[in-house]
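Data block below; observations after.
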Amino acid sequence: MMPAEQTLSGATTAPDTSPVLSVEGLTVSVRTEFGLRPLVEDLSFTLNRGETLAIAGESGSGKSITSLAIMGLLPPPAVRVTAGSIRLGQTNLTTASEAQMRRIRGDRIAMIFQEPMTSLNPVLTIGTQLAEAMRAHEPISRQEARSRALAALTAVRLSQPERRLNQYPHELSGGMRQRVMIAMALALRPEVLIADEPTTALDVTVQREVLDLLRDLQRDLGTAIILITHDMGVVAEMADRVIVMKSGRMVEQAPVTTLFQAPAQPYTRDLLAAVPRMGGRTDTPAAISADAVASLSDVVVRFPIKGGLLGRTTLNVHAVEHVSFDIRRGETFALVGESGCGKSTIAKAMVGLVPHQGQITVGGHVLSPRGLDAPRSLRRRVQMVFQDPMAALDPRMRVGDLIAEPLLIHDIGTAADRRARAADLIRRVGLSPDQIDRYPHEFSGGQRQRICIARALALKPDLIIADESVSALDVSVQARVLALLQELQKEMGVAFLFISHDMAVVDSISDRVGVMYLGQIVEMGTRAQVFGDPRHPYTQRLIEAVPVPDPAHQREKTIRLAGDVPSPVHPVGSGPERLILRDVGGGHLVAM
């Protein structure tokens with residue numbers, strides 16, 4: 001309980017316990033040819049000083065629309081607030097003019113978006129953008145603004161802050177750019193910070209650092225936070241109270257402990273049940289054959305960096321360094337690690353898209369080291385499922401034609417046979433055959449990913465490479481897609497190379513795991529070995545950073561790797577070429 005405060009005259013006054021933000025009966029509607037349709041309907045909540053309120057729910061539930069309404073950033077005239085009020089202290093934001101909102105944004109209320117690259121100006125340096133935001137609200141000199149920008153970058157624990165001031169957004173990693181966005185949002189000490197999916201696109205270790213940073217800054221500044229996310233593990237670790245939304249309406253609101261221990265609504269219970277948990281796998285693995293469908297032996301992939309007047313190769317990016325593993329029929333082999341560790345480069349090498357050294361054998365075919373000339377017979381044996389299904393599907397083609405296209409390319413069957421095969425695959429992935437003539441935009445994200453899986457199965461491949469295939473999906477949709485992959489594996493005996501940075505998802509689906517760091521596998525073994533008894537500090541760090549969907553969970557320690565991160569361009573000393581792998585039994589490799 002806050003103590004009473006004294007005025008200058010000595011009189012005792014009660015502390016200000018009024019909410020910093022109040023939303024009452026908020027309805028946001030979009031104008032359609034049939035009239036107004038509500039996107040958010042009759043939403044009410046309050047936000048107290050220093051509190052973290054999480055708004056959770058699946059895509060399309062109205063979370064982000066609510067945040068845009070609070071910020072006054074709804075796209076006019078199609079989308080607007082049609083009922084209710086939003087009050088920031090005594091200021092009614094729903095009736096404020098655009099000039100008033102410009103003064104409020106950044107000063108009293110700030111926002112961090114999911115993808116910082118779309119929020120930062122690519123042609124301005126980091127220092128210029130930070131200073132610009134400060135000078136827009138306070139009459140300070142350029143020198144003072146730059147000094148405060150440096151202090152802001154230091155506060156968010158960005159390495160080499162003086163250097164970062166002069167860099168452009170593209171020169172920073174995703175985690176660094178998100179720290180810049182946090183520094184920009186908190187530079188003017190706003191009363192309210194809205195964080196809209198601030199860690200969804202980040203690796204698990206970077207996510208841990210960003211969440212810890214937000215918590216520390218909130219403690220220091222007393223800022224109230226609205227955290228918008230579909231990650232219930234993040235909700236459990238960060239929130240004081242939780243609002244669960246579905247189809248634009250609030251279905252439940254409760255303190256975080258109450259919500260996780262005794263959810264009142266079936267939708268909330270279903271949402272929590274779908275969250276992947278480390279050590280939560282209970283199903284029986286598919287039968288695994290001893291035959292390898294893919295084999296990598298001492299594979300190296302390096303990309304040249306050219307310079308000088310003659311464009312000669314001066315340096316190389318060491319993307320993959322001496323990687324070896326097998327994938328057996330009916331097995332799910334997972335590659336895990338942070339962005340830039342070489343996971344996707346391995347996938348590209350396995351389908352002949354990049355040149356490599358060493359030997360790659362897929363379906364009995366030895367790939368040419370040159371890349372880009374994989375034989376047609378290989379393409380029938382290996383298929384890929386990508387992270388973004390909308391980008392992988394031609395928007396001008398009907399889904400039946402998209403699924404049948406691989407059969408057409410390989411001249412398999414008649415037109416009637418191909419259509420029948422497409423209809424059967426649509427049914428197998430849990431969609432209705434009467435949807436065969438629809439276009440990709442008529443499906444949800446999870447349904448589009450199912451279509452991509454059906455397309456990958458059309459040629460009956462031996463191996464499917466799933467590259468971050470569920471990372472962009474809501475937890476409930478993610479759970480359904482993962483269950484589908486496991487069912488199809490048992491039914492058809494297909495092998496999977498599952499690439500992900502989500503350790504909980506990998507734990508729920510994999511048979512064996514390889515952990516990658518700076519282009520090399522530093523630990524490899526069965527799922528139980530790697531997750532139950534991790535030997536390498538990097539693996540331990542990845543597992544420790546996984547958000548736990550339990551508010552009562554307390555982290556005992558934070559594992560940090562000593563020294564600077566080695567450069568993939570100069571892998572000397574502590575770099576990947578100096579890692580020594582040792583077999584500790586059962587094919588369990590660790591780097592010593």
Side-chain angles (χ1 to χ4, degrees), residues 285-297 299 323-335 343-354 356 358-369 371-386 392 403-413 417-418 421-422 424-425 428-429 449-470 481-482 484-500 506 509-514 524 526-527 587:
I288 299 174
S289 168
D291 300 330
V293 298
S295 178
L296 281 73
S297 178
V299 172
V323 166
S324 302
F325 62 83
D326 295 331
I327 304 176
R328 294 169 290 184
R329 190 174 303 278
E331 178 186 40
T332 297
F333 180 79
L335 281 178
K343 307 186 301 295
S344 295
T345 301
I346 286 178
K348 292 175 183 177
M350 290 178 67
V351 294
L353 293 179
V354 296
H356 66 275
Q359 181 170 301
I360 300 178
T361 305
V362 179
H365 294 269
V366 178
L367 272 66
S368 167
L372 300 176
D373 57 355
R376 177 169 291 197
S377 56
L378 169 66
R379 296 175 190 149
R380 291 191 58 175
R381 294 179 176 273
V382 57
Q383 293 286 302
M384 291 192 72
V385 179
F386 297 95
I403 294 171
E405 188 178 32
L407 300 172
L408 178 63
I409 291 172
H410 290 271
D411 196 24
I412 298 174
D417 293 336
R418 291 192 289 268
R421 174 72 172 155
D424 178 60
L425 288 170
R428 283 191 172 190
V429 298
Q449 196 62 292
R450 288 170 179 260
I451 293 167
C452 289
I453 293 170
R455 178 184 168 94
L457 291 169
L459 294 172
K460 299 181 180 179
D462 298 322
L463 173 67
I464 291 179
I465 300 174
D467 190 358
E468 299 285 6
S469 57
V470 297
V481 171
L482 292 175
L484 170 65
L485 291 177
Q486 291 172 310
E487 290 170 11
L488 293 171
Q489 185 176 57
K490 290 179 180 179
E491 178 185 344
M492 305 176 70
V494 65
F496 286 103
L497 173 59
F498 193 83
I499 296 173
S500 179
V506 168
I509 195 173
S510 64
D511 300 303
R512 286 190 303 133
V513 181
M524 183 167 66
T526 66
R527 177 180 56 86

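Note that the coordinates shown come from a computational prediction; the quantities given were computed from them, not determined experimentally.
Contact check for Val385 versus Ile464: side-chain heavy atoms found under the 4.5 Å cut-off. Residues Ser510 and Phe496 fail the side-chain proximity criterion, which asks for heavy atoms closer than 4.5 Å. A heavy-atom distance below 4.5 Å is found between the side chains of His356 and Leu367. Side-chain contact check for Gln489 versus Thr332: some heavy-atom pair is nearer than 4.5 Å.
How far CD of Glu468 is from NZ of Lys343: 5.5 Å, rounded to the nearest 0.5 Å. Here CG of Leu335 is found 9.5 Å from CE of Met524. Values are rounded to the nearest 0.5 Å. To the nearest 0.5 Å, the span separating CG on Leu497 from CE on Met350 amounts to 5.5 Å. How far CZ of Arg328 is from CG of Leu463: 14.0 Å, rounded to the nearest 0.5 Å. The SG atom of Cys452 lies 9.0 Å from the CD1 atom of Ile403; values are rounded to the nearest 0.5 Å. In this structure, CD1 on Ile453 lies 13.0 Å from CD on Gln383, to the nearest 0.5 angstrom.
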Extract all donor-acceptor atom pairs below 3.5 Å that involve side chains of residues 290-297 and protein atoms in other chains or at least two apart in sequence.
| from | atom 1 | to | atom 2 | distance (Å) |
| --- | --- | --- | --- | --- |
| Ser295 | OG | Asp326 | OD1 | 2.7 |

Verify side chain to side chain contact (heavy atoms under 4.5 Å, CB included) between Ile412 and Arg380, making sure each step is shown before the conclusion.
-> CA-CA 11 Å; Ile412 298 174; Arg380 291 191 58 175; 3.5 Å; yes

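With sequence neighbours left out, Ser500 forms a side chain to side chain donor-acceptor pair (under 3.5 Å) with no residue at all. Arg418 pairs by the side chain to side chain donor-acceptor pair (under 3.5 Å) definition with nothing, not counting sequence neighbours. For Asp462, the salt bridge (charged side-chain N to carboxylate O under 4.0 Å, His left out) partners two or more places apart in sequence, or in a different chain, are Arg329, Arg381. Shown here are the salt bridge (charged side-chain N to carboxylate O under 4.0 Å, His left out) partners of Arg455, two or more places apart in sequence or in another chain: Glu405. By the side-chain contact (heavy atoms from CB on, under 4.5 Å) test, Asp417 is found to be paired with Thr414, residues two or more places apart in sequence or in another chain being considered.
In terms of heavy atoms, Ile499 sits closest to Ala347 at CD1-CB, 3.6 Å. Residue Gln359 comes nearest to Val366 through the heavy atom pair CG-CG1, 4.0 Å, listed as atom of the first residue, atom of the second, then distance. Scanning all heavy atoms of the two residues, the minimum distance from Phe333 to Val513 falls at CE1-C, 4.2 Å. Closest heavy-atom contact between Leu407 and Ala458: CD2-O, 3.5 Å.
In this structure, Gln449 contributes its side chain and Val470 its backbone to no donor-acceptor pair below 3.5 Å.
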